[in-house]
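Labels below follow one simple rule: chain letters A, B, ... track the order of the sequence lines, proteins then strands, and each chain is numbered from 1.
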Number of protein chains: 2
Amino acid sequence: MVVSELSDQDVNRIFRALADSTRRDILRRTLVNDVSVSQLADNYDMSFAAVQKHVAVLEDARLVTKEPRGRERMVRGNRDRIRQAQRLLDHFDELWRARIDRLDGLLAEGDPAPSDT
Amino acid sequence: MVVSELSDQDVNRIFRALADSTRRDILRRTLVNDVSVSQLADNYDMSFAAVQKHVAVLEDARLVTKEPRGRERMVRGNRDRIRQAQRLLDHFDELWRARIDRLDGLLAEGDPAPSDT
DNA sequence: CTCTGATACAACCATTTGATTGTACGATAA
DNA sequence: TTATCGTACAATCAAATGGTTGTATCAGAG
């Protein structure tokens with residue numbers, strides 16, 4: 001079991017990396033199978049260097065890894081990171097549910113909440 | 001049942017909004033209970049206007065809504081949007097699983113895959 | 001060895017982002 | 001009415017982002 005605390009910076013990088021259509025598309029492709037950077041670049045209407053940078057952003061966020069394969073670099077989507085991101089969103093949803101529980105508690109007591117300073 | 005197609009732009013905005021620690025903190029607070037913009041601003045070491053802008057980014061991504069309350073604007077976290085984001089990440093995980101299924105298929109056949117052009 | 005393909009990386013540029021300050025305005029308290 | 005509080009919004013600015021081209025390196029094909 002990997003606990004792996006995610007720092008705020010880590011989380012920033014993960015969501016930033018996901019906040020771009022091209023990068024999401026790259027991630028999709030590299031989750032389905034390993035692809036070289038140049039193979040990826042063929043799919044987009046931008047320079048090879050631009051695609052390279054997008055891959056670097058994903059790599060920095062650890063959403064993909066790169067592995068040398070001859071003269072190519074095979075890019076592979078990292079499922080673990082996806083799951084960590086999922087857990088982050090789960091956390092938000094739990095907060096929302098906590099609110100509901102609190103409201104239910106108030107209704108049950110019929111008592112106004114004291115100011116929590 | 002809300003289908004609500006999310007455009008690439010929508011998704012960009014959602015993840016971009018989540019890619020900042022201050023905004024995630026604002027989202028957490030507004031999921032737990034409604035808070036005015038000035039109440040939010042008290043928690044951060046930056047100008048009121050800066051916090052206002054962060055709220056605007058979250059609002060633009062529809063992760064929060066603002067409702068007038070006297071002279072204040074109460075900010076409320078939008079759970080539906082969180083769940084939509086969760087579904088987006090689920091989609092990525094499904095792609096990964098599809099890859100595994102494909103590999104399993106190959107193993108079962110013991111047959112090299114033809115180029116899929 | 002030589003040529004080519006795949007990658008790495010630096011320099012550069014336009015646009016966006018994240019923050020600031022200053023001004024204006026509606027709602028409330030005195 | 002007159003302050004004052006909470007907000008909205010414009011102007012400004014430094015830094016980060018997303019793209020480009022150019023140069024260098026490294027592995028494989030002839």
From CD of B:Gln39 across to P of D:dC5 the rounded distance in Å is 15 Å
Without decimals, in angstroms, what is the distance between B:Lys66 NZ and D:dA8 C1'? 8 Å
Check whether any side-chain heavy atom of A:Arg23 lies under 4.5 Å from a side-chain heavy atom of A:Val57, and answer yes or no. yes
So how far is it from B:Arg16 CZ to A:Asp20 CG, rounded to the nearest 0.5 Å? 9.0 Å
Any side-chain heavy atom of A:Thr30 sitting closer than 4.5 Å to one from A:Val75? yes
Check whether any side-chain N or O of B:Arg73 sits under 4.0 Å from OP1 or OP2 of D:dA8, and answer yes or no. yes
Checking all strands, does B:Ser38 fall into the base, sugar-phosphate, or nothing category for heavy-atom contacts under 4.0 angstrom? sugar-phosphate
Starting from the 5' end of DNA chain D, give me the residue, A:Gly70 or A:Phe48, whose nearest nucleotide shows up first. A:Phe48
Which whole-number value in Å describes the distance from A:Ile26 CD1 to D:dG18 P? 12 Å
Taking D:dA8, D:dT20, D:dG18 as options, the one with an atom nearest any side-chain atom of A:Met46 is D:dT20
Is the distance from OP1 or OP2 of D:dC9 to the nearest side-chain N or O of B:Lys53 less than 4.0 Å? no
Consider the side chain of A:Arg16, meaning its heavy atoms from C-beta on, and name the nucleotide among D:dG18, D:dA27, D:dG19 that approaches it most closely. D:dG18
Go through D:dC5, D:dG18, D:dT7 for me and flag the one nearest to the B:Arg71 side chain. D:dC5
The answer to which of B:Arg23 and A:Gln52 contacts DNA chain C further toward the 5' end, by nearest nucleotide, is A:Gln52
Which of the following nucleotides, D:dT20, D:dC9, D:dG18, is nearest to the side chain of A:Asp20? D:dG18
Counting the atoms with a prime plus P, OP1 and OP2 as sugar-phosphate, which does A:Arg69 contact under 4.0 Å by heavy atoms, base, sugar-phosphate, or nothing? nothing
Quick one: how far along DNA chain C does chain A reach, first to last nucleotide 5' to 3', anything under 4.0 Å to a heavy atom? C:dT4 to C:dA11
With a 4.0 Å cut-off on heavy atoms, is B:Thr22 in touch with a base, just the backbone sugar-phosphate, or nothing at all? nothing
Do B:Arg76 and B:Asn33 pair up side chain to side chain, a donor and an acceptor below 3.5 Å, judged on atom types alone? no
State, without any angle test, whether B:Gln84 and B:Arg81 hold a side-chain donor-acceptor pair at a distance under 3.5 Å. yes
Going by distance alone, is a donor N or O of one side chain under 3.5 Å from an acceptor N or O of the other, for B:Gln86 and A:Asp90? yes
Going through the distances and angles, do A:Glu67 and A:Arg73 end up as a salt bridge (charged side-chain N to carboxylate O under 4.0 Å, His left out)? CA-CA 5 Å; A:Glu67 187 188 342; A:Arg73 298 292 183 281; over 6 Å; no
Calculate the interatomic distance between A:Leu18 atom CG and D:dG18 atom P; express it in whole Å. 12 Å
Just how far, in rounded Å, is P of D:dA27 from CE of A:Met74? 17 Å
